[in-house]
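Only heavy atoms go into these numbers, but all of them, side chains included; no hydrogens, no water, no symmetry mates. What you are looking at is a predicted structure, and each value in this text was computed from that prediction instead of being measured.
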Amino acid sequence: MQYRQPWLRWGLAGLALTLATSASAQSSLRDEALDAQRTQAELQERIDNADEAVREQLRELRQAREEARRLQSYNEELAPVVERQAETLEERRSGVETLTETREALPGLMRDMVERLRAWVERDMPFLRDERLARVTSLEATLSASDLSSAEKLERVLAAWRTELDYGRELDAWRGDLTGDTPREVDFLRVGRVGWYYLTPDGHSGGVWKAESGDWQPLDESALAEVRKGLRIVREQRAPEILDLPVSQPVEDAS
């Protein structure tokens, strides 16, 4: 027994040392494993963060592409509008230039229009002559008025011309004095600028104005009946119908 005791003691000591070494190794392995796990977790977190950043960048890229597509589509739709606006601006610019030239020429143009209107009235059949010449005289005074704008003057000149032009499209009647050696009151009938007639109040006599001779010529009984008919039409005493009357001047010369 005494011979084996030293060996046993060294065996136990070695076993204890081995166990201690093994425990230390296991502890070191656990530490390394924990470090590896932490490293792996950190790496995974970085990967996850990187993936999220990439996904966000991809979303932003898709949004940018979609916005670019919308802008392209909008630009394509807007291009014709811009082109039309450019054309409109160019037309307005040209219009302003033309307007400036027109404004400079307008006074002379209006004077010419009034002079032509007077000449027309003086050459035309002398129906309502005093009234029409008074209108022209008023226009001549209007052109010299300092309190009226060019636009107002032009409107009055155009209104006078419209009135004269309307005479050529109207059927009109009124009572007035027939000039002559013995002035007398009669009923006048005007058919545009084609015919101008008068009828005495008793309806038994009348005449037609002849532009070529510049005087009245008597009407026969059938023409007098047509004048009476025309007067009733104008006064809305009968329905409109065609009148068979001699003309005052050739139709091609009437306006």
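Between the K153 side chain and the A145 main chain, a donor and an acceptor come within less than 3.5 Å of each other. S138 contributes no side-chain N or O that, together with a main-chain N or O of A134, makes up a donor-acceptor pair within less than 3.5 Å. Listed for the W161 side chain is a donor-acceptor partner under 3.5 Å among the backbone atoms of M113.
Atom CD of residue E122 and atom CG of residue L117 lie 10.0 Å apart, to the nearest 0.5 angstrom. Atom CE of residue M110 and atom CG of residue D112 lie 11.5 Å apart, to the nearest 0.5 angstrom. Taken to the nearest 0.5 Å, the CZ atom of R190 stands 5.5 Å off from the CD atom of E170. Distance check, rounded to the nearest 0.5 Å: CG of L143 to CG of L148 gives 9.5 Å. The distance from atom CG of D172 to atom CG of D166, rounded to the nearest 0.5 Å, is 11.0 Å. To the nearest 0.5 Å, the span separating CH2 on W209 from CZ on F188 amounts to 10.0 Å.
Here the side chains of D124 and R129 are not in contact, with every heavy-atom distance at 4.5 Å or above. Under the 4.5 Å side-chain criterion, counting only non-hydrogen atoms from C-beta, L199 is not in contact with L189. For the pair P246 and L219, the minimum side-chain heavy-atom distance is below 4.5 Å.
R135 and E131 are joined by a salt bridge, as a carboxylate oxygen and a charged side-chain nitrogen come within less than 4.0 angstrom of each other. A salt bridge links R59 to E56: one of the charged nitrogens lies within less than 4.0 Å of a carboxylate oxygen. Using a 4.0 Å cut-off between charged side-chain N and carboxylate O, R232 and E241 make no salt bridge. Between E221 and R228, at least one side-chain N (NZ, or NE/NH1/NH2) sits under 4.0 Å from a carboxylate O, which counts as a salt bridge.
Nearest heavy atom pair, residue R184 against residue S205, reads NH1-OG, 4.3 Å. Across every non-hydrogen atom of Y197 and V227, the tightest pair is CB-CG2, 4.0 Å. Residue S149 comes nearest to E152 through the heavy atom pair N-OE1, 2.9 Å, listed as atom of the first residue, atom of the second, then distance. Here the closest heavy-atom approach between residue I233 and residue R238 is recorded as CG1-CG, 3.5 Å. Between I242 and E226, the shortest heavy-atom distance links the atoms O-OE1, 4.2 Å. When all heavy atoms are compared, the tightest approach of V247 to K210 is O-NZ, 2.7 Å.
Under the 4.5 Å side-chain heavy-atom criterion for grouping Ile, Leu, Val, Met, Phe, Trp and Tyr, L128 is connected to V186 within one hydrophobic cluster. Tracing side-chain contacts under 4.5 Å through hydrophobic residues (I, L, V, M, F, W, Y), one reaches L224 starting from V208; they form part of the same cluster. V194 and L243 end up in different hydrophobic clusters when Ile, Leu, Val, Met, Phe, Trp and Tyr side chains are linked at under 4.5 Å. L171 and L165 fall into different hydrophobic clusters, where Ile, Leu, Val, Met, Phe, Trp and Tyr residues are linked whenever their side-chain heavy atoms come under 4.5 Å apart, directly or through other members.
Within a 6.0 Å radius of CD in E185, more than 12 heavy atoms belonging to other residues, nucleotides or ligands are found. Within a 6.0 Å radius of CG in D220, other residues, nucleotides and ligands contribute more than 12 heavy atoms.
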Steps toward side chain to side chain donor-acceptor pair (under 3.5 Å) verdict (T137, R118): CA-CA 8 Å; T137 300; R118 177 177 287 280; 3.0 Å; yes
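By the 6.0 Å and 45° rule, R132 stacks over the aromatic ring of F127.
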